[in-house]
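Working notes, beginning with the structure itself.
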Number of protein chains: 2
Amino acid sequence: MTESTEFLYPQKWLSKASTGDRVTCELRMQIISGRIESGAILSENKLAADFEVSRSPIREALKVLAAENLIRLERMGAVVIGLKEKDIEEIYDVRLLIETFVFERLVKIDTKELVRELSKIVEMMKIAIKYRDADEFSYQDILFHETIIRTINHSYVLMIWNNTRPVMESLILLSMRARFKEKYDDFTRIIKNHQLYIEAIDTKDRNLMIQSLHQNFDDVQGKVEDLWMSQQMLSKGVDPEK
Amino acid sequence: MTESTEFLYPQKWLSKASTGDRVTCELRMQIISGRIESGAILSENKLAADFEVSRSPIREALKVLAAENLIRLERMGAVVIGLKEKDIEEIYDVRLLIETFVFERLVKIDTKELVRELSKIVEMMKIAIKYRDADEFSYQDILFHETIIRTINHSYVLMIWNNTRPVMESLILLSMRARFKEKYDDFTRIIKNHQLYIEAIDTKDRNLMIQSLHQNFDDVQGKVEDLWMSQQMLSKGVDPEK
DNA sequence: TTTATAATACTTGTATACAAGTATCCTAGT
DNA sequence: ACTAGGATACTTGTATACAAGTATTATAAA
């Protein structure tokens, strides 16, 4: 395998991470980006050799990726499932489910501090755009939503978020990198939509929030198309299933 | 530690399971039942000695339990979080969230086969009651809901279910065992409620479904109180937090 | 008595070794 | 030519070994 020496996952996000976490994140990116094609069979020994680590962190990574539905652990080897279009829609089903639930809780509590925090994050996003830093922008985008979710202090909703976040993160990273190269002016719209979201929370306007969520969803649809493009760029021959 | 030689998790459910899975299930039961008190600090070496296995399957188990929010992995040792009353409520928030979502999909498709399957499961539950088999009853109860959820073929909703199922399973097991000893006539009500659920799906009656879901939730509230009792029986001194 | 420091006994993370099981391929026999 | 059977080279699951880091405890000095 002509393994590219480049890493897809931002290395600076892994400053304090263990080898296992590094492998997990990198493998996830390679699967979602399509660099590792769906249907491929991964062997622990081979991966260990490729990553130049022992089998321990590899096993750890495979367990995590299996829980994320990206691979399927079988008797002999782990087969790569990858993300189909249907999966991406389903992830956003879950996000809509979560965030509407969260909003119902938010309208009952004081959100002044949250709004302040979110405003700060949007400012950061603007800076990231200004300096063409796709990874930083992605980071703040994810942080935005995570901040909202954490506010309601619901450990099991947070658990769901934690389980879907890594895949979301990878999707957003890949999409944003592609956009910074091609559709730079998309970002003003994204910023605007986030500000709409903040306003909805601030005024506790349920309709505005729903509207903003759907807008965000539409944005994401765009992201998905971008991702598809970037996948086609990265991988040699993607066979479009179904 | 005066480790009881008895296993809490049904051994026959582990016929083909690896050592890692066995440890995971047993540890989970011990934490949820309160046999391992919340706040306790678990060390991999100690657990390995207690279970008479190596650290590998123990590590595996701890990772899983951490993802389920039952323990928190720290630098030195894993601290047991356990289930507080709030957590149990939150689990059922998630279940309500999932099952209402699922129902919205169910009303759009043909559910004849599903209804047949569910009826079969309820028959099995009746037999389990007749023979006072709490574990078998629990198994069918969980299977009932999982069957419904699997029907809509939504991999990410299924993922959420998979993430909450183990804890649910433990809760139900402990609760049902207690009930078979004390509140035997509860089961006619539970059966009735499941039949109501089936009817709601069959007639695609949204209101009936909501009603049945809430009834189920109330049932569960009872379950929770039972669990609390059984916890107090099992563990010497539970300190009621908050 | 109290504080600073060093030795010690723990902890986790990773690498390696071993055992049991499975697919593959090659050979022998018909 | 084709099938049966066995050797072989894989696979995962578990045990063990080792390295690096952290809390604790004991000791020594003020």
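Just so it is clear, the values below take in all heavy atoms, side chains as well, and ignore hydrogens, waters and symmetry mates. Given the structure is predicted, the values throughout are model-derived calculations rather than measurements.
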Rounded distance (Å) that lies between atom P of D/dT12 and atom NZ of B/K16: 19 Å
Under 3.5 Å side-chain donor-acceptor pair for A/H145 and A/R95: yes
Rounded distance (Å) that lies between atom P of C/dG13 and atom CD1 of B/I58: 14 Å
Nearest listed nucleotide, side chain of A/S56, among C/dT14, D/dT12, C/dT11: C/dT14
d(NZ, A/K46; P, D/dT11) in whole Å: 10 Å
Spacing of B/E60 atom CD relative to C/dG13 atom C1', expressed in whole Å: 16 Å
Contact under 4.0 Å: B/N45 side-chain N or O vs C/dC10 OP1/OP2: no
A/T19 side-chain proximity, nearest of D/dT14, C/dT14, C/dT12: C/dT14
Distance in angstrom units between B/R22 CZ and D/dG13 P, rounded: 14 Å
No-hydrogen, no-angle side-chain donor-acceptor test under 3.5 Å, A/E89 and B/Y156: no
NZ/NE/NH1/NH2 to OD/OE distance under 4.0 Å, B/E60 and B/K63: no
d(CD, A/E52; C1', C/dT14) in whole Å: 15 Å
Distance in angstrom units between A/L42 CG and D/dC10 P, rounded: 17 Å
Closest nucleotide among D/dC10, C/dC18, D/dC18 to the B/R55 side chain: D/dC18
Closest to the B/S54 side chain, choosing from C/dT14, D/dT14, C/dT11: D/dT14
Residue B/E44, side-chain heavy atoms: nucleotide from C/dT14, C/dG13, D/dT12 that is nearest: C/dG13
Between B/T147 and B/E117: side-chain donor-acceptor atoms closer than 3.5 Å: no
Residue B/P57, side-chain atoms from C-beta onward, closest of D/dT14, C/dC10, C/dA23: D/dT14
Length of the line joining B/I41:CD1 and D/dT24:P, which is rounded to integer Å: 9 Å
Short N-O contact, B/K120 and B/E123, less than 4.0 angstrom: no
C/dG13 base / B/R75 side chain donor-acceptor hit below 3.5 Å: no
Side-chain N or O of A/S18 closer than 4.0 Å to phosphate OP1/OP2 of C/dG13: no
A/M76 vs B/A78, nearer the 5' end of DNA chain C by closest nucleotide: B/A78
